[in-house]
Amino acid sequence: MGFGTLQRGSACLFLLVALSNLVFAEAGDRTQVGHDITIGPSEEVSEATCFGCSVRVRGHVTSDVTVLGGSIVVEEQGEIAGEAVVFGGGIRLEKEAKVSGDVTVFGGQVRFDPTASVGGDVTNFGGSFWLVLIFGLPLLILGGIIALIVWIVRRLLQPSVPATA
C-alpha cells in the first residue's frame, strides 16, 4: 500500500466526516469545510465545527467549538459555553475570553491571556506523535485489513494446479 493510497484514503475519510456533519447540522450551528468561521461580537451561535479551517469567536457560542486542521481564537470578551477541541492546530484565548468547559488540543499549542478563564480542564497533547496515533494508527489498521482481504480473495481465486505424478 503506497503513500498515495494512504493520502486518498485520508481525504475520503475527511470528506465523509465533513459531509455527515453538514447534513446533520442544526439551525444555529455553523459548519464549514475549508472556510474560516467568524462569530461577530453581537452574534450567538449554538455550535461551530470547522474542517480544514479556523474559528474566530468574538461573540457567544452556546455549546462546543470543534476544529480539525485549524485553530480557535477566542477574542476579547468572546465566550464558548461548552468545550473547545482542536485536532492538528492550536487555541488562543485573548483578554477576558471565556471557555466554560474543557479545552483540548491535539498536536498544537494552548496560549491564553492571564485574564482569560477556562471552567474545565486544559489538556494539550502537543507534538505530531498524537496526530499520528489518532489518525495514522486507525488508517494503518484499516489498510492492513484491506490488504488481508485482497490477499485472501486472490488466494481463493487462484486456479488450482493438479499435482503431476
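- The residue from V86, I91, I80 that alone fulfils the side chain to side chain contact (heavy atoms under 4.5 Å, CB included) condition with V65 is I80.
- Residues satisfying the side chain to side chain donor-acceptor pair (under 3.5 Å) test with T104, not counting sequence neighbours, are none.
- Looking at heavy atoms from C-beta onward, L93 lies in side-chain contact with V99 at the 4.5 angstrom threshold.
- Taking the side chain as every heavy atom from C-beta outward, S42 and R58 never approach each other to under 4.5 Å.
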Which donor-acceptor pairs under 3.5 Å do side chains of residues 145-159 form with protein atoms, sequence neighbours excluded?
none

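- Taking both residues in full, the closest heavy atoms of N124 and Q109 are given as ND2-CA, 4.1 Å, listed atom of the first, atom of the second, then distance.
- The backbone N or O of T123 lies less than 3.5 Å from no partner atom in the side chain of D121, so there is not a single donor-acceptor pair.
- Across all their heavy atoms, C50 and V55 have their closest contact at CB-CG2, 3.7 Å.
- In terms of heavy-atom proximity, A84 sits nearest to I72 at CB-CD1, 4.0 Å.
- Proximity of V67 to V85: side-chain heavy atoms (C-beta onward) are nowhere separated by under 4.5 Å.
- Between the OG atom in S54 and the NE2 atom in H35 there is a gap of 13.0 Å [rounded to 0.5 Å].
- Cluster membership check: V105 does not share its hydrophobic cluster with V73, using side-chain heavy-atom separations under 4.5 Å among Ile, Leu, Val, Met, Phe, Trp and Tyr.
- Every pair passing salt bridge (charged side-chain N to carboxylate O under 4.0 Å, His left out) that includes a residue from residues 94-107 is listed here, sequence neighbours excluded: R92-E94.
- Within the structure, disulfide (SG to SG under 2.5 Å) pairs that include any residue of residues 69-119 do not occur (at least two apart or interchain).
- Among pairs with a residue in residues 56-92, none fulfils disulfide (SG to SG under 2.5 Å), at least two apart in sequence or across chains.
- D36 is linked by a side chain to side chain donor-acceptor pair (under 3.5 Å) to nothing, counting only residues two or more places apart in sequence or in another chain.
- Residues H60 and T62 have side chains in contact (heavy-atom distance under 4.5 Å, counting atoms from C-beta outward).
- Follow the hydrophobic side-chain contacts under 4.5 Å out from V61 and you reach V118 in the same cluster.
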Candidate pair E47 and R30, rule salt bridge (Lys or Arg N to Asp or Glu O under 4.0 Å), full reasoning: CA-CA 6 Å; E47 190 170 292; R30 293 259 186 100; over 6 Å; no
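- Between the D64 side chain and the E83 main chain, a donor and an acceptor come within less than 3.5 Å of each other.
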